[in-house]
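Chain letters run A, B, ... following the sequence lines, proteins first and then strands; every chain starts at 1. Please read these numbers as outputs of a predicted model, since none were measured by experiment. Worth knowing before you read on, the calculation uses all heavy atoms, side chains too, and leaves out hydrogens, waters and symmetry mates.
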2 protein chains.
Amino acid sequence: MSCQPIKTEKHKKEMMAVQDSMDVLSGKWKITIISSICYYNKRRFSDILNDVSGISNKMLSKELKELEINKLIKRTVLNTQPITVQYELTEHGKSLQTIINNLTDWGIKHRKEIIGNNSEISDHPESQNILAESNI
Amino acid sequence: MSCQPIKTEKHKKEMMAVQDSMDVLSGKWKITIISSICYYNKRRFSDILNDVSGISNKMLSKELKELEINKLIKRTVLNTQPITVQYELTEHGKSLQTIINNLTDWGIKHRKEIIGNNSEISDHPESQNILAESNI
DNA sequence: CCGTATCCCCGGGGATACTG
DNA sequence: CAGTATCCCCGGGGATACGG
């Protein structure tokens with residue numbers, strides 16, 4: 001176990017890196033917004049507003065701005081009447097695609113997992129409510 | 001473009017899956033907590049408290065409970081004096097390892113990216129402050 | 001050591017209305 | 001359509017103290 005301190009150093013760096021990611025990606029709607037833009041390639045403000053269920057225009061505007069500052073998305077004003085605005089991932093933003101895909105796959109898997117486990121615990125339909133606040 | 005509706009259906013499902021993931025993983029500290037447990041394999045309450053800089057015992061307790069309800073982590077009380085509690089990933093929780101690793105890699109990449117872009121914009125050291133609230 | 005309970009404050013964030 | 005401004009409320013979450 002003499003290698004423990006070295007392992008710990010490594011883990012600390014890994015933890016810091018995760019924190020760095022979360023500084024940019026946490027926030028109630030960021031990941032979902034990015035997913036919308038990612039899957040549709042180019043997406044307008046009002047479209048994202050629909051994609052991300054529950055978000056307000058105020059929050060969408062705010063989070064888009066933050067993502068833009070962090071160079072993850074690019075904002076383009078189109079010469080339409082009335083004006084529309086298009087959002088797309090930057091090259092750097094596109095490096096998140098893997099993560100988005102993983103999260104998508106995991107979401108599907110998780111849904112199955114939870115439903116499966118619940119029916120193991122009890123057959124009562126009411127027990128479905130146990131799944132922790134999955135519909136805030 | 002007659003395939004557009006089909007594509008849209010697919011994207012909607014993908015978006016829903018991401019939302020499902022985020023229902024469980026969002027929350028100010030969840031991902032970082034999971035990372036700590038993931039990298040150290042088994043981790044005690046007080047250790048996680050140290051790993052996740054800034055978190056309070058109240059929040060750690062709360063988020064751990066939620067993760068446990070969602071079957072991502074397993075809680076074990078050890079017969080030590082005084083009592084200690086150990087957390088580890090469940091099998092289902094381990095399926096997040098890929099995502100954690102990706103987030104770690106991306107964090108490192110992102111840090112380089114932002115510093116790089118900033119020095120392109122300006123040589124002034126003060127411009128470092130532009131990086132959006134990366135140290136809340 | 002591992003939490004829970006209590007107090008309390010601030011700001012996240014919704015609803016609505018307005019401008020370019 | 002895209003976004004900003006204003007108002008306002010509720011609960012997230014910190015600090016502290018205590019119990020098992």
Looking at E68(A) and K65(A), is any side-chain nitrogen of the basic one under 4.0 Å from a carboxylate oxygen of the acidic one?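 A salt bridge is absent here (no side-chain N lies under 4.0 Å from a carboxylate O).
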Can you confirm whether the side chains of E113(A) and H110(A) place a donor and an acceptor under 3.5 Å from each other?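 E113(A) vs H110(A): no donor-acceptor pair found between side chains.
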Is there a donor in the side chain of Y87(B) and an acceptor in the side chain of T76(B), or the other way round, less than 3.5 Å apart?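 No, T76(B) and Y87(B) have no side-chain donor paired with an acceptor closer than 3.5 Å.
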With salt bridge (Lys or Arg N to Asp or Glu O under 4.0 Å) as the test, would you mind laying out the steps for E66(B) and K30(B) before giving the verdict? CA-CA 9 Å; E66(B) 290 173 11; K30(B) 293 246 171 62; 2.6 Å; yes
Provide, to the nearest angstrom, the distance between the [atom1] atom belonging to [X] and the [atom2] atom belonging to [N].
X	N	atom1	atom2	value
R44(A)	dA2(D)	CZ	C1'	10 Å
I55(B)	dG13(D)	CD1	P	10 Å
W29(B)	dG12(D)	CH2	C1'	12 Å
L78(B)	dG20(D)	CG	P	21 Å
K30(B)	dG12(D)	NZ	P	11 Å
R75(A)	dC1(D)	CZ	P	16 Å
L49(A)	dA15(C)	CG	P	12 Å
E63(B)	dG14(D)	CD	C1'	14 Å

Qualifying residue, where the test is side-chain contact (heavy atoms from CB on, under 4.5 Å) with S21(B) and the options are L103(A), I31(A), N102(A): L103(A)
By salt bridge (Lys or Arg N to Asp or Glu O under 4.0 Å), D105(B) pairs with (sequence neighbours left out) none
Near DNA chain D, under 4.0 Å by heavy atom, which residues of residues 81-89 of chain A?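 By residue number: P82(A), I83(A), T84(A), V85(A), Y87(A).
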Polar atom pairs (N or O), protein with nucleotides 4-7 of chain D, under 3.5 Å:
unit_1, atom_1, unit_2, atom_2, d
dT4(D), OP2, S61(A), OG, 3.0
dT4(D), OP2, K65(A), NZ, 3.4
dT4(D), O4, N57(A), ND2, 3.3

Could you tell me whether the side chain of [Y] reaches within less than 4.5 Å of the side chain of [X], counting heavy atoms only?
X	Y	result
H92(A)	W106(B)	yes
I48(A)	I33(A)	yes
L89(A)	L72(A)	no

Both G54(A) and D47(B) contact DNA chain C. Taking the nearest nucleotide for each, which residue is further toward the 5' end? D47(B)
